[in-house]
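Since the structure is predicted, the reported quantities are computational estimates derived from the model, not experimental observations.
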Protein chains: 2
Amino acid sequence: MNNVRFSTALHILTLHYYMKDEMLTSDFIAGSMNVNAAIVRKETSNLRKCGLVTTKEGKGGGTMLAKQAKDIRLSDVYNAVRQTSPLGKKNVPNPACPVGKQINTELDILYNKAEEAMVSKLAAVTLEAFCKPII
Amino acid sequence: MNNVRFSTALHILTLHYYMKDEMLTSDFIAGSMNVNAAIVRKETSNLRKCGLVTTKEGKGGGTMLAKQAKDIRLSDVYNAVRQTSPLGKKNVPNPACPVGKQINTELDILYNKAEEAMVSKLAAVTLEAFCKPII
DNA sequence: TATACTGTAATAAAAAACATTACAGTTAAT
DNA sequence: ATTAACTGTAATGTTTTTTATTACAGTATA
């Protein structure tokens, strides 16, 4: 997860909060963020699949928040972009090693607990609460 | 942090717990883990700088735990290998955008809180407790 | 002084992330 | 109907990050 997706998604959503109820195009968002419009479209497309925004194709189209900012939690954003554990990847151990054989099972459990702790912290913050100090 | 370093470091420490009080060479550890010995030496070297292991150069040398397994917390391991935030990188925003200008400050605060939540979960687990189900 | 180690730099290879281009499909306005 | 302005997404290229490998200087032991 050492990428910019969480930050990108949150930036997109924050812009929407700021531009209340306006339909935003990928070009507009991309300009604000200094990235290519195709990247924005990829992420809004993903956020739509996750129920956080609605999109409209064709002329006059764009993206809007699908719910009120107070009903979007940062854990929703995290889950929308999450790909790998925040603790990183596991090794592929030597199957002849007795320790290696079992360590990944324990790592799975540990990773889940640790991630859960982080996610519940994110769940305590709504998009609205996150945006307040910005606006 | 989408790498294998946390897993690697923990694997090394677990092997040491398993091989109680024996001095382990990088070749031995590397064999158990299916990785190159130079990678193990890089990580043990780092773990030494962080006070988790002691190393000995020259013939008959190798690595040992620097403290008892009950006194090593997984948060120590995390801090030893941590490089970037578990929520990923931030964007480089367009300085002309009022939202972009402030969002990274808020992200810093958020990232710190979220990471802290994860780290305190890791702090609750000692190397000994982690290893118990393995051994 | 030979042997068996660590430490680390340099480099190469592989994987992941990011950026760009292109264009099909959709909608609205004229 | 045609044009213009959008999204969606695939294909491709580039850059960055991560991992692996090689090599060898330095150190300790016998």
Side-chain angles (χ1 to χ4, degrees), chain A residues 1-9 11-12 16 22-31 33-50 52-66 80-94, chain B residues 1-9 11-12 16 22-31 33-50 52-66 80-94:
Chain A
M1 243 287 275
N2 192 12
N3 59 28
V4 86
R5 282 190 65 196
F6 181 82
S7 161
T8 298
H11 199 141
I12 292 170
H16 276 97
E22 280 187 58
M23 185 79 97
L24 304 183
T25 69
S26 61
D27 266 346
F28 173 84
I29 298 171
M33 294 178 63
N34 261 344
V35 298
N36 193 285
I39 290 177
V40 173
R41 290 202 290 273
K42 263 181 219 158
E43 198 56 66
T44 51
S45 175
N46 176 55
L47 292 172
R48 171 177 51 75
K49 286 165 189 159
C50 296
L52 299 184
V53 301
T54 54
T55 62
K56 185 161 179 286
E57 290 183 51
K59 191 172 179 182
T63 311
M64 286 185 69
L65 292 185
V81 302
R82 169 221 144 84
Q83 290 172 310
T84 59
S85 163
L87 287 174
K89 292 175 291 195
K90 286 173 288 186
N91 279 101
V92 179
N94 178 346
Chain B
M1 246 282 280
N2 193 10
N3 60 27
V4 85
R5 282 190 65 196
F6 180 81
S7 161
T8 298
H11 199 141
I12 292 171
H16 276 97
E22 280 187 59
M23 184 79 96
L24 304 183
T25 69
S26 60
D27 266 347
F28 173 83
I29 297 171
M33 295 179 60
N34 261 344
V35 298
N36 193 285
I39 290 177
V40 173
R41 290 201 290 274
K42 262 182 220 159
E43 199 56 67
T44 52
S45 175
N46 176 55
L47 292 172
R48 172 178 49 77
K49 286 166 189 158
C50 296
L52 300 184
V53 302
T54 53
T55 62
K56 186 161 178 288
E57 289 183 52
K59 190 173 179 180
T63 311
M64 287 184 70
L65 292 185
V81 301
R82 169 219 144 86
Q83 288 172 311
T84 59
S85 163
L87 287 173
K89 291 176 291 194
K90 286 172 287 186
N91 278 101
V92 179
N94 178 345

Between D/dT22, D/dT9, D/dT18, spot the one nearest the side chain of B/Asn36, thanks. D/dT22

For the side chain of A/Lys56, starting at C-beta, report the closest nucleotide among C/dT8, D/dC6, C/dT27. C/dT27

Report yes if a side-chain nitrogen or oxygen of B/Thr55 is closer than 4.0 Å to either non-bridging phosphate oxygen (OP1 or OP2) of C/dG7; otherwise report no. yes

Nearest heavy atom decides the nucleotide; on that basis, is A/Ala38 or A/Lys59 closer to the 5' end of DNA chain D? A/Lys59

So if I apply the side chain to side chain donor-acceptor pair (under 3.5 Å) rule between A/Asn46 and each of A/Lys49, A/Glu43, A/Arg48, which one comes out positive? A/Glu43

Return the value, rounded to whole Å, for the distance between atom CG of B/Leu24 and atom C1' of C/dA4. 15 Å

Gap between atoms CZ and P, on B/Arg41 and C/dG7 respectively (whole Å): 8 Å

Do any side-chain nitrogens or oxygens of A/Lys49 fall under 4.0 Å of OP1 or OP2 in D/dT9? yes

Please state how far atom CZ in A/Phe6 lies from atom P in C/dA17, giving the value in whole angstrom units. 16 Å

If you check the A/Glu57 side chain, which of C/dG25, D/dT29, C/dT21 turns out closest? C/dG25

Distance, rounded to the nearest Å, where A/Met33 contributes CE and C/dC18 contributes P: 11 Å

Distance in angstrom units between B/Leu47 CG and C/dT6 P, rounded: 14 Å

To the nearest 0.5 Å, atom CG of B/Leu47 lies from atom OG1 of B/Thr63 at 8.5 Å

Can you list the steps and then say if A/Val35 with A/Thr8 is a side chain to side chain contact (heavy atoms under 4.5 Å, CB included)? CA-CA 10 Å; A/Val35 298; A/Thr8 298; 5.8 Å; no

B/Asn36 CG to B/Arg41 CZ distance, which is reported to the nearest 0.5 Å: 7.5 Å

Have a look at A/Lys42 and say if it touches a base, only the backbone sugar-phosphate, or nothing, with a 4.0 Å heavy-atom cut-off. base

Does A/Ser45 put a side-chain nitrogen or oxygen below 4.0 Å from OP1 or OP2 of D/dT9? yes

Could you tell me whether the phosphate oxygens of C/dC5, OP1 or OP2, come under 4.0 Å of any side-chain nitrogen or oxygen in B/Thr25? no

Side chain of B/Val4 only, heavy atoms from C-beta on: which candidate in C/dT8, C/dC5, D/dT19 is closest? D/dT19

Side chain of A/Arg48 - closest among D/dT19, D/dG8, D/dA23: D/dG8

Between CG on residue B/Asn91 and NZ on residue B/Lys89, distance to nearest 0.5 Å: 10.0 Å

Using whole Å, report how far CD1 of A/Ile39 lies from P of D/dA10. 16 Å

Ranking A/Gly60 and B/Gly58 by the position along DNA chain C of their nearest nucleotide, the one closer to 5' is B/Gly58

If you apply the rule side chain to side chain contact (heavy atoms under 4.5 Å, CB included), what do you find for A/His16 with A/Ile12, and how did you get there? CA-CA 6 Å; A/His16 276 97; A/Ile12 292 170; 3.8 Å; yes

Whole-Å distance, B/Asn46 CG to D/dT19 P, equals 14 Å

For D/dT19, does either OP1 or OP2 sit under 4.0 Å from a side-chain N or O belonging to A/Lys89? yes

Taking any heavy-atom pair under 4.0 Å as a contact, classify A/Thr63: base, sugar-phosphate, or nothing. nothing

Take atom CE of B/Met23 and atom P of D/dT27, then tell me their distance rounded to the nearest Å. 17 Å

